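In this text the structure is predicted, and so the values were computed from the model without any measurement.
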Amino acid sequence: MQARRIARELALLSISQLPNDSEKLSTQQLQDVMLAAIRALTTEVHEALENAATELNRGRDRLLESELRAADAQSSKAMLYEA
């Protein structure tokens, strides 16, 4: 679903960059708009991957913490659930 949202945002941003008269639109302008859209998508993907990596590291740290600090199975289970 997020991919659709990103595509809509890019389409709206791209439309404002295009000339009103379709005859004035050159192939180079269209390529420039597409390149800008691809760069924006690439940046969005990099940010999503960085956020995912951060969340994975946080989860790993919480799992390790639960192994080291849990007094019994019930508290360990609660800490695992939170992680």
Side-chain angles (χ1 to χ4, degrees):
M1 200 62 140
Q2 188 170 354
R4 286 184 181 174
R5 181 185 62 82
I6 293 169
R8 281 192 298 268
E9 287 179 18
L10 286 174
L12 289 173
L13 291 172
S14 299
I15 288 172
S16 66
Q17 302 297 318
L18 298 174
N20 292 335
D21 187 5
S22 62
E23 293 176 5
K24 291 183 180 178
L25 181 62
S26 70
T27 304
Q28 185 61 40
Q29 285 176 316
L30 188 58
Q31 288 176 352
D32 291 343
V33 169
M34 290 301 296
L35 182 60
I38 290 169
R39 285 182 178 154
L41 279 175
T42 303
T43 302
E44 182 77 22
V45 168
H46 281 290
E47 289 174 4
L49 286 173
E50 287 177 8
N51 290 338
T54 301
E55 290 297 321
L56 282 172
N57 286 333
R58 186 178 300 137
R60 183 199 63 215
D61 292 345
R62 298 205 56 185
L63 286 172
L64 180 61
E65 188 177 307
S66 71
E67 289 177 3
L68 298 175
R69 293 181 37 185
D72 59 4
Q74 187 63 25
S75 64
S76 177
K77 184 178 176 180
M79 292 176 99
L80 286 174
Y81 181 75
E82 286 180 23

Under 3.5 Å, sequence neighbours excluded: what are the donor-acceptor pairs made by side chains of residues 49-56?
| unit_1 | atom_1 | unit_2 | atom_2 | d |
| --- | --- | --- | --- | --- |
| N51 | ND2 | E47 | O | 3.4 |
| T54 | OG1 | E50 | O | 2.9 |
| E55 | OE1 | R58 | NH1 | 3.3 |
| E55 | OE2 | R58 | NH1 | 2.6 |

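Partners of L41 according to the side chain to side chain contact (heavy atoms under 4.5 Å, CB included) rule, which considers only residues two or more places apart in sequence or in another chain, are I6, L10.
Residue L35 shares its hydrophobic cluster (ILVMFWY side chains chained together at separations under 4.5 Å) with no other residue.
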